[in-house]
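The structure under discussion appears below in the form of structure tokens.
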Amino acid sequence: MAEIKLHDSWRTPLAGEFAAPYMAALKAFLLAEKQAGKQIFPKGSSWFRALDLTPLDDVRVVILGQDPYHGPGQAHGLAFSVLPGVRVPPSLVNIYKELQADLGIVPAAHGFLEHWARQGVLLLNSSLTVEQGLAASHQGRGWERFTDAVIRLVAAREQPCAFLLWGSHAQKKAGFVDAGHHLVLKAPHPSPLSAHNGFFGCRHFSRTNQWLEQQGQPPINWALPPV
């Protein structure tokens with residue numbers, strides 16, 4: 001995977017992961033899937049897009065997802081985000097609703113979240129690929145070990161960071177993060193199945209910005225520009 005675009009701030013400390021046997025097995029699996037004619041999302045150049053857009057030293061907020069979207073044209077390497085022109089997915093609709101209730105931000109007409117990523121919001125999925133139409137199809141193939149290593153790198157930094165953990169999967173995955181050093185905010189997942197159980201009203205966006213300002217950092221501008 002040396003040909004994959006990845007910011008050096010991540011590539012260097014993750015070199016041991018890329019050299020590990022599990023990563024070779026993952027690469028072989030993905031190659032075999034492609035050779036079998038299966039459609040994999042996102043495209044290969046976007047597998048590490050979240051890391052490339054948000055260098056390690058710039059990470060101020062972490063939002064964890066689970067799988068890339070498995071519909072055509074949706075996934076592009078950022079958790080919860082879709083490409084311009086694609087219908088905003090239900091979970092992101094609910095994220096926008098909470099943003100409006102919390103900070104008065106009118107929901108964007110698109111679901112393209114690169115504006116957040118470029119401000120230091122790491123939008124990281126647990127698994128970085130998926131087969132078209134088959135949710136969770138690449139779970140247990142090695143991506144989880146790799147993204148665990150990413151989270152450990154962020155959690156080990158002296159600079160504290162805000163972790164927004166939505167749903168039991170994210171909360172378990174980042175369960176080792178020191179809440180005495182970092183800001184760790186937990187809420188149900190924004191999915192329509194669970195958002196009404198406490199995601200709505202969690203105020204994670206304003207709480208994160210207040211905390212960042214207490215740390216002497218600028219707040220995140222959560223309002224998305226037009227695309």
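All figures in this text were calculated on a predicted structure; none of them were measured in a lab.
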Taking all atoms of both residues into account, what is the closest heavy-atom pair of [X] and [Y], and its distance?
X	Y	result
Arg60	Leu212	NH1-CD1, 3.9 Å
Ala155	Val177	CB-CG2, 4.2 Å
Ser81	Gly111	OG-O, 3.2 Å
Pro42	Gly77	CG-N, 3.9 Å

Is there a donor-acceptor pair under 3.5 Å between the side chain of [X] and the backbone N or O of [Y]?
X	Y	value
Lys34	Phe29	no
Ser137	Glu131	yes
Gln171	Ala187	yes
Trp211	Leu183	no
His181	Glu158	yes
Gln74	Leu83	no

Exercise: do [X] and [Y] side chains pair donor with acceptor under 3.5 Å:
X	Y	answer
Thr129	Trp143	yes
Ser9	His7	yes
Gln139	Asp67	yes

* Asked: Any chance the rings of His76 and Phe41 have centres within less than 6.0 Å?
  ->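 Between Phe41 and His76, which both carry aromatic rings, the centre distance is not below 6.0 Å.
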
* Check ion pair Glu114-Arg49 (N to O, under 4.0 angstrom) ->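 Judged by the 4.0 Å cut-off on N to carboxylate O distance, Glu114 and Arg49 do form a salt bridge.
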
* To do: Please work out which of the three classes, parallel, tilted or perpendicular, describes the rings of Phe205 and Trp116, given edges at 30° and 60°.
  =>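 Rings of Trp116 and Phe205: tilted, 30 to 60°.
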
* Can you get from Leu103 to Ile63 by hopping between Ile, Leu, Val, Met, Phe, Trp and Tyr side chains that sit under 4.5 Å apart? ->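 Same cluster.
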
* Asked: Are Tyr69 and Leu53 in one and the same hydrophobic cluster, where Ile, Leu, Val, Met, Phe, Trp and Tyr link if side-chain heavy atoms are under 4.5 Å apart?
  ->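 Linked, Tyr69 and Leu53 end up in one cluster.
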
Taking side chain as C-beta onward, heavy atoms only, is [X] less than 4.5 Å from [Y]?
X	Y	answer
Tyr96	Val106	no
Val59	Arg157	yes
Thr147	Lys173	yes
Leu64	Ser126	no
Asn209	Trp222	yes
Ile40	Val130	no

* Apply ring-ring contact (aromatic ring centres under 6.0 Å, His included) to the pair Phe80 and His189, showing each step before the final yes or no. => CA-CA 11 Å; Phe80 294 103; His189 195 277; 5.7 Å; yes

* Go through the steps to decide whether Val62 and Leu164 satisfy the test side-chain contact (heavy atoms from CB on, under 4.5 Å), and finish with yes or no. => CA-CA 6 Å; Val62 176; Leu164 278 52; over 6 Å; no

* To do: Identify the residue among Phe18, Trp10, Tyr22 that makes a ring pair (Phe, Tyr, Trp, His ring centres under 6.0 Å) with Phe146.
  =>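 Checked Phe18, Trp10, Tyr22 against Phe146; only one passes ring pair (Phe, Tyr, Trp, His ring centres under 6.0 Å): Phe18.
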
